[in-house]
A.B. asks: 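The structure is given below, and queries will be raised subsequently.
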Amino acid sequence: MESQEPQVKNSPLMPSMYTNRVALKTILKSGDGETGLIGTTVVVGGWVKSSKEVKKEPLPPPQSPPPAAADAFPAASHGTKDVNCVEILQSRIPFFRTIIRVLGGSASSPAVRQKLESLIPKPPPPSIFFLDINDGSCVSSLRAVIDSAIVPVSAGQILPTGTCILAQGVLGNPSALGKQTIELTVEKILHVGTVEQDKYPLSRKRLPLDSLRDYPHIRPRTTTVASIARIRNTLDFASHTFFQNRGFLHVQVPIMTTTDPEGFSEKFQVTTLLGETSKKESPVGVSDADGVNPETVKAAIQEKSSLVEQLKRSDSNREALAAAVQDLKKTNELAQQIETREKSKPVTAVKPDLVSFNADFFGRQIYLTVSGRLHLESYACALGHVYSFGPRFRADKTVSAKHVAEMWTVEAEMAFAQLEDAMKCAEDCFKFLCRWILDNCSEDMKFVLKRIDKTVAHRLEYMASSSYDRISYREAVEILRKVTDKAFETQLQWGVPLTDEHLSYLADDHYRRPVIIYDYPKAVKPFYVRLNDDGKTVAAFEMVVPKIGTVIIGSQNEERFDMLNARIKEFDLSKDQYEWYLDLRRHGTVKHSGLNLGFDLMVLLATGLTDVRDVIPFTRTHGKANN
């Protein structure tokens with residue numbers, strides 16, 4: 001079936017793919033200047049960001065002589081242009097006035113004349129609507145001008161914020177009310193998607209970001225969230241570009257796994273046993289309350305109570321009243337049974353110690369993945385350099401502005417690479433992303449500078465061009481111990497993890513630029529990280545960035561079978577679950593290293609925002625998942 005939208009010919013603007021609509025960014029960012037598009041006919045579509053109605057001065061009634069009876073309704077000429085209903089109505093007003101004079105007569109009373117005058121249909125006063133339309137392709141909006149005398153518009157039809165409109169018109173010079181360098185004079189409205197203004201969340205201007213989190217399906221229509229989405233898209237593309245241009249292959253890793261790469265993280269368990277458990281724990285006896293919705297019973301009680309009251313007032317049918325009272329009594333008893341059932345219903349939680357997972361969907365325990373690096377290793381040990389990009393999950397109930405339950409991560413693994421190579425890759429990747437945003441997101445970054453953080457561009461430029469310090473964990477502890485003007489909440493000693501407070505001080509206050517910390521104590525890093533010669537530290541690193549914290553973590557992984565086997569035992573992990581991982585050491589082992597880049601934190605850095613919930617399209621946090 002062909003598109004029903006009109007074909008606009010001889011237009012210098014290319015329409016969007018699979019539609020005749022022209023994206024607003026191609027109009028507002030035209031290479032030959034917006035003024036070069038004057039007189040071009042286009043079809044545009046978008047959502048109303050703001051609107052203004054200006055009443056036109058009504059034209060004085062025409063004073064032409066009354067037409068002859070034969071000319072009262074002349075036939076439309078095929079050679080003239082089409083006229084709308086308003087124009088036809090206005091042209092017939094002299095004829096109506098002539099009839100009034102004939103019927104009213106010169107001697108008619110003013111009251112009769114006034115009554116007859118009121119019967120003349122009065123056209124609505126013409127208005128000009130100024131609509132700022134945005135289609136999400138850029139920050140700027142296009143001013144659309146609609147003259148109701150030319151394009152009929154129902155009262156209030158397209159005015160509310162959030163209304164969708166598809167219109168055809170001619171690009172021209174802006175009116176006195178417009179700040180733009182070009183605007184659209186609408187000739188035809190092709191579609192109007194109305195909005196329930198009293199229920200539309202964005203009817204209020206400047207809704208705070210924390211309030212917008214309750215409307216993740218609507219908030220992309222705001223300028224701020226739309227800019228974040230475009231910046232996120234640019235970073236997504238840049239991440240793939242960096243690795244593809246350096247010979248990495250993109251590998252999709254599973255989001256459900258039997259292994260835990262971290263060894264000590266909170267995981268989401270995936271199971272189908274909840275339904276089976278609840279079935280088994282259902283009582284053998286079946287009562288009237290089973291399968292009955294409590295809300296349905298409540299509604300029935302209200303309805304039957306009203307019937308009883310009505311019969312009491314009428315006092316006409318005692319038998320009907322007695323039957324109704326008895327029926328109400330039985331319904332109340334049923335409600336009590338349901339309430340008792342709900343209170344006594346056991347919580348059907350699956351306890352791993354008490355449940356046999358042989359009957360589960362996969363026949364064993366399985367979890368949402370925390371990291372895909374273990375699976376990437378198997379492909380790196382065959383293909384060389386590989387990377388993956390996808391969601392990772394942690395069942396951590398801690399409330400944090402930098403972490404939520406589901407976060408997207410870029411992961412890479414390199415065969416024949418050691419710790420130094422992984423740190424170099426991390427630094428190159430981070431600088432590449434900073435530079436890419438500055439070079440390819442200029443309009444959105446201007447908006448960020450104006451509305452969110454005026455220093456973010458300077459910060460990205462500095463991080464893209466400066467050199468990064470590399471210090472060992474031991475050196476970091478020594479620096480922090482010498483701090484006298486700040487008291488840390490966590491007592492610092494060798495062997496404990498560095499907290500966000502410690503890392504923030506190193507990046508924001510001490511070095512004032514990104515810093516890479518390596519050779520961590522083995523107790524604070526996953527089991528698969530390669531053990532150093534000192535037997536106390538492992539070949540792991542973290543890249544810490546000012547205002548954000550840790551953005552990239554990485555490591556050289558243990559390639560020695562005996563060492564890895566000992567680490568699995570040390571972490572008290574099930575060897576059966578990691579036999580496939582040990583196979584990579586049994587058969588053609590090789591030194592290899594990799595990294596994890598927190599993609600959502602990178603978006604947070606690029607936008608200057610402070611809470612990761614504002615840069616993730618659909619956030620999943622403890623106790624909250626709207627849609």
Side-chain angles (χ1 to χ4, degrees), residues 231-248 250 371 373 376 385-390 392 402-403 407-414 417-441 445 448 453 455-471 476 498 500 503-504 506-508 510-518 520 539-556 593-610 612 615:
I231 291 173
R232 187 182 180 95
N233 172 73
T234 301
L235 281 171
D236 185 316
F237 183 81
S239 299
H240 286 284
T241 301
F242 174 83
F243 288 106
Q244 290 287 339
N245 289 351
R246 286 157 180 78
F248 286 72
H250 186 205
S371 171
R373 284 193 57 195
L376 274 182
H385 288 15
V386 295
Y387 77 101
S388 185
F389 190 4
R392 305 294 178 254
K402 303 295 172 56
H403 298 283
M407 298 188 71
W408 281 66
T409 304
V410 182
E411 297 167 321
E413 205 69 35
M414 302 171 288
Q418 302 186 46
L419 179 65
E420 182 70 24
D421 303 309
M423 290 192 291
K424 181 65 167 62
C425 179
E427 183 174 337
D428 289 347
C429 180
F430 183 76
K431 288 182 177 181
F432 180 88
L433 296 180
C434 291
R435 175 58 59 193
W436 189 279
I437 281 293
L438 293 171
D439 293 344
N440 296 278
C441 247
M445 290 308 297
V448 168
D453 185 350
T455 65
V456 65
H458 173 75
R459 189 160 59 250
L460 290 172
E461 178 68 44
Y462 179 71
M463 289 189 287
S465 57
S466 64
S467 59
Y468 300 168
D469 288 279
R470 297 184 184 180
I471 61 173
L498 298 178
D500 292 341
L503 298 175
S504 176
L506 290 170
D508 290 86
H510 187 80
Y511 289 101
R512 298 185 178 180
R513 60 177 177 270
V515 57
I516 297 176
I517 306 171
Y518 62 93
Y520 275 81
F541 74 90
E542 294 186 17
M543 178 184 287
V544 187
V545 176
K547 292 189 175 295
I548 298 297
T550 301
V551 174
I552 301 178
I553 61 174
S555 65
Q556 179 178 342
S593 62
L595 58 87
N596 304 56
L597 182 147
F599 182 75
D600 299 311
L601 297 177
M602 193 68 208
V603 180
L604 201 66
L605 173 70
T607 56
L609 294 168
T610 58
V612 74
V615 301

A.B. asks: Give the intermediate values and the outcome of side chain to side chain contact (heavy atoms under 4.5 Å, CB included) for residues Phe432 and Arg246.
C.D. replies: CA-CA 12 Å; Phe432 180 88; Arg246 286 157 180 78; 4.2 Å; yes

A.B. asks: Do Leu460 and Leu605 come close enough that some side-chain heavy atom pair is under 4.5 Å?
C.D. replies: yes

A.B. asks: Could you tell me if the side chain of Glu411 sits less than 4.5 Å from the side chain of Asn596, heavy atoms only?
C.D. replies: yes

A.B. asks: Which atom names give the shortest non-hydrogen contact between Cys434 and Met463, and what distance separates them?
C.D. replies: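 Minimum heavy-atom separation between Cys434 and Met463: SG-CB, 4.4 Å.
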
A.B. asks: Do Asn245 and Thr241 pass the side-chain hydrogen bond (donor to acceptor under 3.5 Å, both in side chains) test, and can you show the C-alpha distance, the side-chain angles, and the key distance before you say yes or no?
C.D. replies: CA-CA 6 Å; Asn245 289 351; Thr241 301; 5.5 Å; no

A.B. asks: Can you check side chain to side chain contact (heavy atoms under 4.5 Å, CB included) on Val603 and Trp408, steps first, answer last?
C.D. replies: CA-CA 11 Å; Val603 180; Trp408 281 66; over 6 Å; no

A.B. asks: Where do Phe389 and His240 land on the ring pair (Phe, Tyr, Trp, His ring centres under 6.0 Å) test, with the steps shown first?
C.D. replies: CA-CA 9 Å; Phe389 190 4; His240 286 284; 5.5 Å; yes

A.B. asks: Determine the minimum heavy-atom distance between Ile231 and Ala606, stating which atoms define it.
C.D. replies: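 The answer is CG2-CB, 4.0 Å.
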
A.B. asks: Is the shortest heavy-atom distance from the side chain of Cys429 to the side chain of Phe243 under 4.5 Å?
C.D. replies: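 Touching, per the 4.5 Å side-chain cut-off.
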
A.B. asks: At what distance, to the nearest 0.5 angstrom, does CG of Asp453 lie from CE of Met445?
C.D. replies: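 The distance works out to 8.5 Å.
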
A.B. asks: Are side-chain heavy atoms of Ile517 and Leu498 found at a separation under 4.5 Å?
C.D. replies: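 A side-chain contact exists here, since the closest heavy-atom pair is under 4.5 Å.
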
A.B. asks: When rounded to the nearest 0.5 angstrom, what distance separates CG in Leu601 from NZ in Lys547?
C.D. replies: 15.0 Å

A.B. asks: Start with the C-alpha distance between Val456 and Thr607, add both sets of side-chain angles, then the distance that settles side chain to side chain contact (heavy atoms under 4.5 Å, CB included), and finish with yes or no.
C.D. replies: CA-CA 7 Å; Val456 65; Thr607 56; over 6 Å; no

A.B. asks: How far does NE2 of His510 sit from CD1 of Ile471, to the nearest 0.5 angstrom?
C.D. replies: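 Nearest 0.5 Å value for the NE2-CD1 distance: 7.0 Å.
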
A.B. asks: Is Asp469 close to Arg513 at the side-chain level, that is, under 4.5 Å between some pair of heavy atoms?
C.D. replies: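 In contact.
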
A.B. asks: Other residues, nucleotides and ligands only: do more than 12 of their heavy atoms fall within 6.0 Å of CG on Asn440?
C.D. replies: yes

A.B. asks: Considering non-hydrogen atoms only, spot the tightest contact between Leu419 and Ala539 and give its length.
C.D. replies: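 It is CD1-O, 3.4 Å.
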
A.B. asks: Please answer whether the main-chain N or O of Cys425 pairs with a side-chain N or O of Asp428 as donor and acceptor at a distance below 3.5 Å.
C.D. replies: no

A.B. asks: Between OG1 of Thr550 and CD of Glu542, what distance do you get to the nearest 0.5 Å?
C.D. replies: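 Going from OG1 on Thr550 over to CD on Glu542, the span is 4.0 Å.
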
A.B. asks: Check Met423, Arg470, Gln556 against Phe541 for a side chain to side chain contact (heavy atoms under 4.5 Å, CB included) and give me the one that passes.
C.D. replies: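 The residue from Met423, Arg470, Gln556 that satisfies side chain to side chain contact (heavy atoms under 4.5 Å, CB included) with Phe541 turns out to be Met423.
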
A.B. asks: Is Asp600 salt-bridged to Lys402, cutoff N-O under 4.0 Å?
C.D. replies: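 No.
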
A.B. asks: With side chains defined as the heavy atoms from C-beta onward, is the minimum distance between Tyr468 and Phe430 less than 4.5 Å?
C.D. replies: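 Side-chain contact under 4.5 Å: yes.
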
A.B. asks: Tell me, with the steps shown, if Ser465 and Lys431 meet side chain to side chain contact (heavy atoms under 4.5 Å, CB included).
C.D. replies: CA-CA 7 Å; Ser465 57; Lys431 288 182 177 181; over 6 Å; no

A.B. asks: Would you mind reporting whether Met414 and Ser593 have side-chain heavy atoms less than 4.5 Å apart?
C.D. replies: yes

A.B. asks: Counting C-beta onward and ignoring hydrogens, is there a side-chain heavy-atom pair between Met602 and Ser239 closer than 4.5 Å?
C.D. replies: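 A side-chain contact under 4.5 Å is absent here.
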
A.B. asks: To the nearest 0.5 angstrom, please state how far the CG atom of Leu604 sits from the CD1 atom of Ile548.
C.D. replies: 4.0 Å

A.B. asks: Mind checking the CG-OH spacing from Leu376 to Tyr387? Nearest 0.5 Å is all I need.
C.D. replies: 11.0 Å

A.B. asks: Can you name the nearest heavy-atom pair linking Ala238 to Leu433, along with the distance?
C.D. replies: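 The answer is CB-CD2, 3.6 Å.
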
